[in-house]
Amino acid sequence: MADQPRTDFEKLQAKKRQEAALRKQMQYINSLSPEDREKIYAKKHRTHEEIKPKTLKQKAANYWYHYKWVTIGVLIAAAIGSFFLHDMLTREKYDFEMMVATAEYFDMDAVQSAFDKTSQYAVDTDGNGEQSISVLYVQIDHENAESQDPNYYMAQYVKFSAALSQGEDAIFVLDQKTYDFLTEQDETLAFEDLTQYSDNAGIDGDRYYLKDDPALGSLCDQGDDLFIVLRRLEDMSKPESEKTQKRYEDQVTYLTNLLNQTPEE
């Protein structure tokens, strides 16, 4: 219930009580000695004195009180920075990366293991004394996209599209469905004729079929005819740059060595 407004009589009574209390306080103050009155005045009007921490414990507590969240933020940022720095410094370095894109599912470990056996054909581009290949695998069954998990399909498609648009990978391992999908999506897309690099019997125009390859033939046990294709230099990112041309040359060297079964010296 809201308070009722005070009447004039109630206001007058309140004023009288306040005046009486004030007179009582003044009488008390007047009864004091000048020294006591000075102490009361000084207490009422003293300025705030900052108490500075003196001990190490007090200083630490004072710092934590004022800078707790700033310190936590800095520590989190430093931890994240250290993680990424450690990841960059300790991450395994590869001489180049290729993409394997198929409509049917393949075990990623099996794919990587198979291509690890062909690392002897790669150029040691980073000069660390080791030859290594990184395989980026995607499964992209465009014909049955509607029946797949949309999140999985979209993630695979984005990864696939990003690799194509970046234009850094010259070598692709495809199956017929993925090959058809690529060429239908981009009518200007074409691959190099591999007969210019070798007379290997597994070559059919722009394709090198893996079923009879000593190291990669096991990938065709599922009955899928996988094959390697090579992008043209002009389809790579910044084909006029020396960096791109050197990267492309190294990947062509790997493929040529693979086709002719001649390890890189």
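Everything numeric here is computed off the predicted structure, so don't read it as measured data. All residue numbers refer to positions in the sequence shown, counting from 1.
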Fill in: Non-hydrogen side-chain atoms of K177 and I140 separated by less than 4.5 Å
no
Worksheet entry | Closest contact, heavy atoms only, F106 versus L219 | CE2-O, 3.0 Å
Practice prompt. Given side-chain contact (heavy atoms from CB on, under 4.5 Å), test D169 with M98 step by step and report yes or no.
Written response: CA-CA 6 Å; D169 302 334; M98 68 172 64; 5.7 Å; no
Fill in: Donor-acceptor pair, side chain of E192 and main chain of L230, under 3.5 angstrom
no
Discussion item. To check you understand the geometry: which heavy-atom pair defines the closest contact between K117 and A215, and what is its length?
Written reply: CB-CB, 3.9 Å
Fill in: Transitive ILVMFWY side-chain link V158 to F181, under 4.5 Å
no
Practice prompt. Look at the aromatic rings of Y105 and Y137 and report parallel, tilted or perpendicular, splitting at 30° and 60°.
Written response: perpendicular
Worksheet item: Would you say the side-chain atoms of T178 and D175 include a donor-acceptor pair closer than 3.5 Å?
Response: yes
Worksheet item: Can you list the steps and then say if R232 with F191 is a side-chain contact (heavy atoms from CB on, under 4.5 Å)?
Response: CA-CA 6 Å; R232 301 174 300 181; F191 300 104; over 6 Å; no
Item to complete: Examine V135 and Y208 and state if one hydrophobic cluster contains both, with Ile, Leu, Val, Met, Phe, Trp and Tyr joined whenever side-chain heavy atoms are less than 4.5 Å apart.
Response: yes
Worksheet item: Between L258 and Q261, what is the shortest heavy-atom contact and its length?
Response: O-NE2, 2.6 Å
Worksheet item: Taking the side chain from T244 and the backbone from S237, do they hold a donor-acceptor pair closer than 3.5 Å?
Response: yes
Item to complete: I would like to know whether F227 and Q176 meet side-chain contact (heavy atoms from CB on, under 4.5 Å); could you show each step before the answer?
Response: CA-CA 8 Å; F227 50 85; Q176 189 61 49; 4.1 Å; yes
Practice prompt. Mind checking ring-ring contact (aromatic ring centres under 6.0 Å, His included) for F172 and listing every partner two or more places apart, or none if nothing turns up?
Written response: none
Worksheet entry | Whether over 12 other heavy atoms sit under 6.0 Å from E242 CD | no
Item to complete: Look only at the side chain of N200 and the backbone of L259, and say whether a donor-acceptor pair between them is shorter than 3.5 Å.
Response: yes
Worksheet item: Is the NZ atom of K211 crowded by more than 12 outside heavy atoms at less than 6.0 Å?
Response: no
Worksheet item: For A170 and Q251, which heavy atoms make the closest approach, and how far apart are they?
Response: N-OE1, 2.9 Å
Worksheet entry | Matching residue for Y197 among N260, I203, T253, V252 - test: side chain to side chain contact (heavy atoms under 4.5 Å, CB included) | V252
Discussion item. Looking at M154, I'd like to know if its CE atom is crowded, meaning that more than 12 non-hydrogen atoms belonging to other residues, nucleotides or ligands lie closer than 6.0 Å.
Written reply: no
Discussion item. Under a 4.0 Å threshold between the charged nitrogen and the carboxylate oxygen, would D204 count as salt-bridged to R207?
Written reply: no
Item to complete: Please check if atom CD in E240 has more than 12 non-hydrogen atoms from other residues, nucleotides or ligands closer than 6.0 Å.
Response: yes
Discussion item. As an exercise, state the distance from OG1 of T195 to CG of D206, rounded to the nearest 0.5 Å.
Written reply: 10.0 Å
Discussion item. Show, in sequence, the C-alpha distance, side-chain angles and deciding distance for L182 and F160, and conclude whether the side-chain contact (heavy atoms from CB on, under 4.5 Å) test is met.
Written reply: CA-CA 11 Å; L182 271 177; F160 180 66; 3.5 Å; yes
Worksheet item: Taking only residues two or more places apart in sequence, or in another chain, which ones meet S161 in a side chain to side chain donor-acceptor pair (under 3.5 Å)?
Response: none
Discussion item. Exactly one of I228, V111, L216 should register a side chain to side chain contact (heavy atoms under 4.5 Å, CB included) with V173. Which one does?
Written reply: I228
Worksheet entry | Shortest non-hydrogen contact from Q112 toward I133 | NE2-O, 2.9 Å
Discussion item. Please check: side-chain N/O of Y248 versus main-chain N/O of E234, any donor-acceptor pairing under 3.5 Å?
Written reply: no
Fill in: Sidechain-backbone polar pair: E97 side chain, S134 backbone, donor-acceptor under 3.5 Å
no
Discussion item. Would you say that F96 contacts E168 through its side chain, given a criterion of any heavy-atom pair below 4.5 Å between the two side chains?
Written reply: no
Worksheet item: Quick check: does any side chain N or O of T183 sit under 3.5 Å from a backbone N or O of Y179, one acting as donor and the other as acceptor?
Response: yes
Worksheet entry | Closest heavy-atom pair and its distance - Q156, Q139 | OE1-N, 2.8 Å
